[in-house]
Structures are given as structure tokens and as C-alpha cells.
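The structure appears below as C-alpha cells.
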Amino acid sequence: MATLPMAPPAAAISSFTTRPLYSPSSRSHRLLLARFFSAAPAPARAKGLRAAASAVEVGGVKIAREDVVKEDDPTNNVPDTIFSKIGLQLHRRDNHPLGILKNTIYDYFDKNFTGQFDKFDDLCPLVSVKQNFDDVLVPSDHVSRSYNDTYYVDGQTVLRCHTSAHQAELLRDGHTHFLVTGDVYRRDSIDSTHYPVFHQMEGFHVFSPDEWSGSGMDGTAYAAAELKKTLEGLARHLFGAVEMRWVDTYFPFTNPSFELEIYFQDDWLEVLGCGVTEQEILKRNGRRDHVAWAFGLGLERLAMVLFDIPDIRLFWSNDKRFTSQFSEGKLGVKFKPFSKFPPCYKDMSFWINDAFTENNLCEVVRGIAGDLVEEVKLIDNFTNKKGMTSHCYRIAYRSMERSLTDEEINNLQLNVREAVKDKLKVELR
Ligand code: DAH
């Protein structure tokens with residue numbers, strides 16, 4: 001098995017949305033980038049998104065648009081499209097696939113650890129850089145801290161990019177067994193399994209020395225054995241009697257660290273990341289001499305498989321033909337696509353500059369086309385004799401809900417080209 005630190009196996013870096021943040025190879029070649037969103041409003045911004053957004057409340061905290069979107073602040077990179085998702089909390093809807101999955105996981109912990117796990121699903125997604133990164137020992141030069149990968153509200157505040165951001169505060173508040181479910185935010189590319197907002201559940205279980213003293217194992221071995229037993233049980237609870245395997249990996253907050261994979265529908269599927277919590281985290285937060293296990297899983301990734309949901313954008317759909325197919329307590333009811341509307345492809349080529357990143361491009365495209373964009377894919381890439389590099393991207397437009405007209409798509413593409421030129425300062429070809 002692999003030693004640390006290394007990349008997870010290819011299967012584990014599949015293109016699913018829970019691709020672990022902290023696997024060394026998953027986010028390579030990303031530039032640390034200064035702010036790129038200029039003060040100029042994008043057409044989509046001008047057309048009513050701003051009006052829709054006023055203030056939302058999460059966990060008793062009021063969040064206004066101007067608390068999150070700061071067009072004149074060079075340390076802010078949160079667009080309106082992202083602000084509009086705050087407070088929706090899909091995981092708290094009992095008839096939504098994500099809520100159904102969350103509740104099914106709750107059932108497992110309630111049955112096997114009666115009354116022990118405290119559950120949180122309403123913690124504010126605005127957290128400090130310290131909570132999101134420092135408290136869970138993410139190295140200061142780690143790529144996940146970059147403006148290219150994370151939404152910064154200002155230099156000290158981010159939209160959490162994982163639910164691990166709450167580990168330290170909950171430990172300090174005295175919790176020893178907890179589950180945290182929440183929306184998390186990451187700047188990323190666009191395809192059917194990636195969306196800049198998705199949902200995770202974090203699990204955490206602290207053990208005191210008397211719990212392992214009689215076991216003949218040291219604390220770490222004991223926690224690792226408990227972890228594996230508990231999570232294998234969870235996987236069976238969700239997927240039935242499946243084949244499973246453990247893969248060694250690296251996370252900054254656990255050692256040893258593992259991924260659990262199951263053999264499902266003819267393929268190995270990564271279910272979650274987990275491990276034995278670094279002693280430093282326990283020590284700093286009032287649990288010296290204890291050990292703990294932790295896990296983090298992506299709800300969309302599992303729900304897409306369990307409910308046969310083919311595109312991650314569907315989770316956000318209010319179309320009755322989607323929402324009416326799911327009901328409380330019914331895990332694994334197979335989604336029946338109401339119809340497959342045709343995609344429309346448009347290519348665009350430009351000379352890139354040093355600051356160019358694909359995440360920035362995707363954000364601009366989403367700012368214009370919203371959920372009508374299904375995929376943005378690099379299809380050609382060359383450097384000329386003068387050292388200028390050209391990229392050609394193919395944008396797939398497709399609605400989940402209706403047919404798009406030629407006129408509509410041509411307009412979108414025109415606006416996308418303008419916005420890409422203005423915001424990314426690239427030279428269109
Ligand atoms: N925070 C990790 C991520 O987003 C997932 C994770 C892995 C959480 C291991 C954990 C853990 O608590 O132990 O990629």
C-alpha cells in the first residue's frame with residue numbers, strides 16, 4: 001500500500017465532486033492568483049441576480065449580499081452566483097435526495113451509537129481562514145488556500161471549502177461525538193459531476209484512554225480499528241452487501257489516513273476520506289491524551305450513485321418533474337430522467353496570459369450562463385514560435401428542463417466571449 005505523502009490511485013481521483021481537497025495530485029498546476037473579478041458587473045449580474053439577493057439567515061447569523069460580495073475589495077472573489085446559494089441548505093430538505101441521504105446516515109449512527117452523536121447541519125458557512133485551514137493543520141503553502149481554489153470574502157474570511165472547518169471549535173465546545181453536515185464551496189472546473197457548491201458530512205469520534213487500555217492496542221491502532229468497523233457498517237447500511245477496500249492516502253489532519261472504496265455497478269467508487277486525527281488537533285482543543293477518528297464524505301457523489309442522478313446541477317432544480325420523484329425516508333429510488341434535451345456546443349479560442357486559469361474561465365462562463373452550462377472542456381492547446389499559448393475550449397450548453405433556442409445560445413455565447421475578454425484580459429482569436 002501507498003506511503004505518505006502521495007497521490008491516491010487513479011480510481012480515487014475520479015471526476016466526482018468530492019475529489020479530496022488535500023490529495024497532493026488532485027489540484028496540481030494551479031497558479032496562485034491575485035483577484036481577477038473586476039468591479040465591472042457581468043451581464044448576468046446586471047440582469048436581476050442582484051435584485052434576488054438581499055439577506056439570508058443561517059444558524060441565527062444574518063448574511064447580507066454586501067457581507068459576502070465585495071466588488072471593490074481586491075481580496076474578495078465571491079460572485080453573485082455563489083451568494084445566491086447561501087442559505088438554501090438542500091441537505092435540510094427531507095424530501096430532497098441530499099436530505100434523504102443525510103437522514104439515512106443519521107439513522108445508522110442513531111442505531112449503532114444511541115444518543116451519542118451530536119448533529120449539526122446549520123452552522124454558518126462563513127468561517128475564518130484559521131478555522132478552514134490552520135485549525136486542521138493545512139500547510140501555509142498548500143494549493144487549496146489559493147484564490148484560485150477557494151472563495152475569499154476577505155483576507156481572513158472564506159466560504160468553508162470543507163466541513164472539517166468545524167472540527168476544532170466543536171472539540172473546544174466539549175463535543176466528543178459529532179456529525180456536521182453543510183454546504184461547502186470550491187472554485188472548480190465545470191462538468192456533470194462538479195459544481196462550485198456541494199455538500200459534505202463530517203464525522204468525529206473521540207476516545208478516552210480507558211476505552212482502549214484493555215484492548216491490547218495502542219490508541220492509534222484502536223481508533224483506526226474502530227473507524228474501519230464503523231465506516232464499513234455505514235457503507236453496508238447505504239449500499240448493501242458490497243465488496244470494500246481501504247486505500248492509504250494523505251490528509252493534513254489525520255495520520256494514518258484512508259479512503260474507503262466500494263465495488264458498485266462494476267467499478268471501484270470512493271465513498272469517503274477518513275483517518276486517525278492528528279494529536280496536535282486534539283492537544284490544542286482540550287483533548288490531550290485522547291485519540292479520535294474522523295471522516296468526511298461528499299453527499300452529491302453518493303447521492304448521484306444511489307439515486308441514479310446523472311448531472312449534479314439537478315440537485316438545484318426546482319422543477320417538479322425532479323423534486324416530486326423523491327420522498328422522505330426513501331433512499332435509492334431511481335431517478336427517471338424526464339427527458340434529455342439536446343446539448344449545443346460552442347467553441348472559443350484565445351491567447352492566454354500568465355494569470356489565466358481554467359477555474360477563472362469557468363466562473364466567468366457560469367456568471368453568464370448559470371446552470372445552462374454543462375461542461376467547459378479544453379480541446380486544443382498549443383504554443384507558437386513567439387511563445388504565445390492558445391487554448392480552445394468547447395462549451396456545452398444544455399438545460400435540464402427545456403430545449404434552448406439557437407438565438408438564446410448564440411446570445412449566451414456572445415456574452416460569454418465579451419466577459420471572458422474583459423475579465424480575463426485574454427486575446428480572443
Ligand atoms: N476534508 C476532506 C476533504 O474535503 C475530507 C476529509 C478527509 C475529512 C479525512 C476528514 C478526514 O475528517 O478525516 O477533502
Side-chain angles (χ1 to χ4, degrees), residues 2 4-5 7-8 12-27 105 109 117 120 123 125 127 131-139 142-145 149-151 158-171 175-188 193-207 220 223-224 226-228 230-231 234-235 246-261 270-282 285 287 291-302:
L4 311 178
I13 351 173
S14 67
S15 57
F16 269 106
T17 190
T18 49
R19 183 177 56 198
L21 240 193
Y22 299 102
S23 307
S25 73
S26 64
R27 294 196 163 226
I105 301 175
F109 282 95
F117 275 81
F120 302 88
L123 298 177
V127 300
Q131 285 172 294
N132 198 74
F133 297 119
D134 304 334
D135 284 356
V136 282
L137 314 178
V138 175
H142 196 280
V143 65
S144 65
R145 291 185 185 245
D149 286 36
T150 292
Y151 289 106
V158 297
L159 289 171
R160 68 182 162 218
C161 65
H162 57 170
T163 44
S164 307
H166 299 289
Q167 284 188 4
E169 64 182 280
L170 291 173
L171 275 172
H175 299 284
T176 55
H177 302 61
F178 54 86
L179 300 171
V180 181
T181 314
D183 33 316
V184 298
Y185 299 77
R186 291 185 199 173
R187 301 188 77 234
D188 215 332
T193 59
H194 289 88
Y195 201 84
V197 188
F198 60 100
H199 299 77
Q200 286 189 330
M201 186 188 288
E202 190 85 5
F204 207 95
H205 186 323
V206 181
F207 300 89
T220 302
E226 285 295 313
L227 170 70
K228 289 186 172 178
T230 302
L231 295 180
L234 174 62
W246 289 97
V247 180
D248 289 350
T249 187
Y250 163 82
F251 297 108
F253 21 88
T254 47
N255 187 10
S257 305
F258 313 102
E259 277 156 354
L260 174 59
E261 295 183 2
E270 184 209 322
V271 175
L272 50 78
C274 62
V276 178
T277 299
E278 283 285 0
Q279 274 302 310
E280 184 64 22
I281 297 176
L282 295 170
N285 297 290
R287 294 288 165 184
V291 294
W293 59 239
F295 72 83
L297 59 80
L299 292 177
E300 275 85 347
R301 176 196 182 77
L302 299 186

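We count ligands from 1, going down the list as the structure has it; atoms in each ligand are counted the same way.
At a heavy-atom distance under 4.0 Å, only backbone atoms of Cys274 (N, CA, C or O) approach ligand 1. Residue Phe204 does not touch ligand 1, judged by heavy-atom distances below 4.0 Å. When heavy-atom distances to ligand 1 are checked against a 4.0 Å cut-off, Glu259 has no atom that comes that close, whether in backbone or side chain.
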Check your understanding: What do the steps show when you test Arg187 against Asp149 for side chain to side chain contact (heavy atoms under 4.5 Å, CB included), and what is the final call?
Key -> CA-CA 5 Å; Arg187 301 188 77 234; Asp149 286 36; 5.5 Å; no
Exercise for review: Decide side chain to side chain contact (heavy atoms under 4.5 Å, CB included) for Phe207 and Glu226; before the verdict, give the C-alpha distance in whole Å, the side-chain angles of both, and the deciding distance to 0.1 Å.
Suggested key: CA-CA 10 Å; Phe207 300 89; Glu226 285 295 313; 3.7 Å; yes
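Proximity of the aromatic rings of His177 and Phe109 is defined here by a centroid distance below 6.0 angstrom, and this criterion is not met.
Of all the listed residues (Gly203, Ala165, Gly296), Gly296 holds the heavy atom that lies closest to atom 5 (C) of ligand 1.
Remark: of the listed residues Asp135, Val180, Val136, Leu171, Val180 is the sole one forming a side chain to side chain contact (heavy atoms under 4.5 Å, CB included) with His166.
Ligand 1 lies nowhere less than 4.0 angstrom from a heavy atom belonging to Glu278.
With contacts defined as side-chain heavy-atom distances shorter than 4.5 Å, the pair His162/Phe253 qualifies. A 4.5 Å side-chain heavy-atom check between Phe295 and Leu260 finds every atom pair outside the cut-off. Proximity of Leu231 to Cys274: side-chain heavy atoms (C-beta onward) are separated by under 4.5 Å at one or more points.
Set against the non-hydrogen atoms of Thr254, the atoms of ligand 1 under 4.0 Å away are 13 (O). Atoms of ligand 1 lying under 4.0 Å from at least one heavy atom of Gln167, given by number and element, are 12 (O). Taking every non-hydrogen atom of Gly275 and a distance limit under 4.0 Å, the qualifying atoms of ligand 1 come out as 13 (O). Set against the non-hydrogen atoms of Gln200, the atoms of ligand 1 under 4.0 Å away are 3 (C), 4 (O).
Residue Glu202 has at least one N or O atom closer than 3.5 Å to an N or O atom of ligand 1. Taking distance alone, with nitrogen or oxygen atoms compared against 3.5 Å, Gly273 stays at or beyond that limit from ligand 1.
In this structure, Phe204 and Phe178 have parallel ring planes: the angle between them is below the 30° cut-off, well short of the 60° mark.
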